[in-house]
There are 2 protein chains.
Amino acid sequence: MTDRLTPRARQIATAARELLEESGPTALTLRALADRLGIKAPSLYKHFPDKQAVEVELIAQMLEESAAALESAEQRAPGSLPALAEAYRTYALAHPHLYCLSTERPLPRPALPAGLEDRAAMPLMRACDGDLDLARSVWAFAHGMVILEIHGRFPDDADLNAAWKRGLKSLHP
Amino acid sequence: MTDRLTPRARQIATAARELLEESGPTALTLRALADRLGIKAPSLYKHFPDKQAVEVELIAQMLEESAAALESAEQRAPGSLPALAEAYRTYALAHPHLYCLSTERPLPRPALPAGLEDRAAMPLMRACDGDLDLARSVWAFAHGMVILEIHGRFPDDADLNAAWKRGLKSLHP
DNA sequence: CTTGACGGCTAACGTCGTTAGCCATACTGT
DNA sequence: ACAGTATGGCTAACGACGTTAGCCGTCAAG
């Protein structure tokens, strides 16, 4: 898996992820993180240069896992856009806080493992037969659906399955 | 316009908006806001109960203005989805920080002027002839395109006009 | 003339990310 | 066997943040 981190740093990242997923981004505090590990906040700086660096690690995890989810969906149903969409939605809704963290700010590209961003994008590219404009449209649609759902922007009684189906049916070639 | 605020509160909201639009959400600080007004931070609490309340006012402004932008587009080109999309995109990109502030958290619905959220949604509903699923798909697509563009998630050389066209062409009935 | 609303102020608290500097343990090289 | 050096903890502290408590001047209305 990830050997870009020292073992202790990996433990810290794990605790950070639990904190984030359990209680949201505002709860992801260096002091709270240190508490969970039984140490004091300044000790964290022996393992990460700053808070952003641990966030970057979580973002890398998210990219990696969602890439894996998409690749797995691709393998089960090659070329199927709805299968990819389903996998994307399922992963995002299973980790809403992580998804937001990774998504609601500019990507820290230089700090990310090389090629990871591309890898996450490839399954969709393949399903779109290299049609870049279509791939970007579908990505925007999927991200929009997910993020609006996570933030509760749709009416409570909205049939989101129907909206997904409607969008995908129209977008697919 | 907005008479939901005392005059002084309106001045404060104006300064807050300038701060936000000029320098982004992290710069929107009660101390910085007070500075710009020539007063001290605690004095702000004579006009707003807390920081969230001034953010809510900015969100209300954004909803109102984007509703107006959509209504105006609707009037110029009744029933045209691309015209609405163009207006949406243009407004959002003209106020990226405000758009993010309004969009990247759950809506503070109870604190918002009644009916405002609906008003902002109506032009799209009308252009979709009451097809709820379609309207939600288009909304998700448009929001996704805008927010991904604002956060620089697309490749630098991506032809976003083409992606917009592609998505709208597919989604439109 | 008094009263009270209005709108400023200072001082302070607790929390946040972060820095500086100290110290114990444990591995390494001679 | 001993010195040296990572490694990984610690405390104390700083500055910025949102926020609270409590004080004070100005001014219009009774």
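In what follows, chains are A, B, ... by sequence order, proteins preceding strands, each numbered from 1.
- Proximity of a side-chain donor or acceptor of A:S137 to a complementary backbone N or O of B:R166 within less than 3.5 Å is not detected.
- When hydrophobic clusters are built by joining Ile, Leu, Val, Met, Phe, Trp and Tyr residues whose side-chain heavy atoms come closer than 4.5 Å, directly or via intermediates, A:M122 is not grouped with B:F154.
- Looking only at distances, no side-chain donor or acceptor of B:D129 sits under 3.5 Å from a matching main-chain atom of B:D131.
- Using a distance-only test at 3.5 Å, with no hydrogens or angles considered, a donor-acceptor pair links the side chain of B:R105 to the main chain of B:L101.
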What donor-acceptor contacts under 3.5 angstrom involve side-chain atoms of residues 28-45 of chain B, with partners at least two apart or in another chain?
| residue | atom | partner | partner atom | Å |
| --- | --- | --- | --- | --- |
| B:R36 | NH1 | B:E18 | OE1 | 2.8 |
| B:R36 | NH2 | B:E22 | OE1 | 2.9 |
| B:S43 | OG | B:K40 | O | 3.4 |

Reading nucleotides 9-19 of chain D from 5' to 3' and marking B where a protein heavy atom lies under 4.0 Å of the base, S where only the sugar-phosphate is that close, and - otherwise, the string is BBBBB---BBB

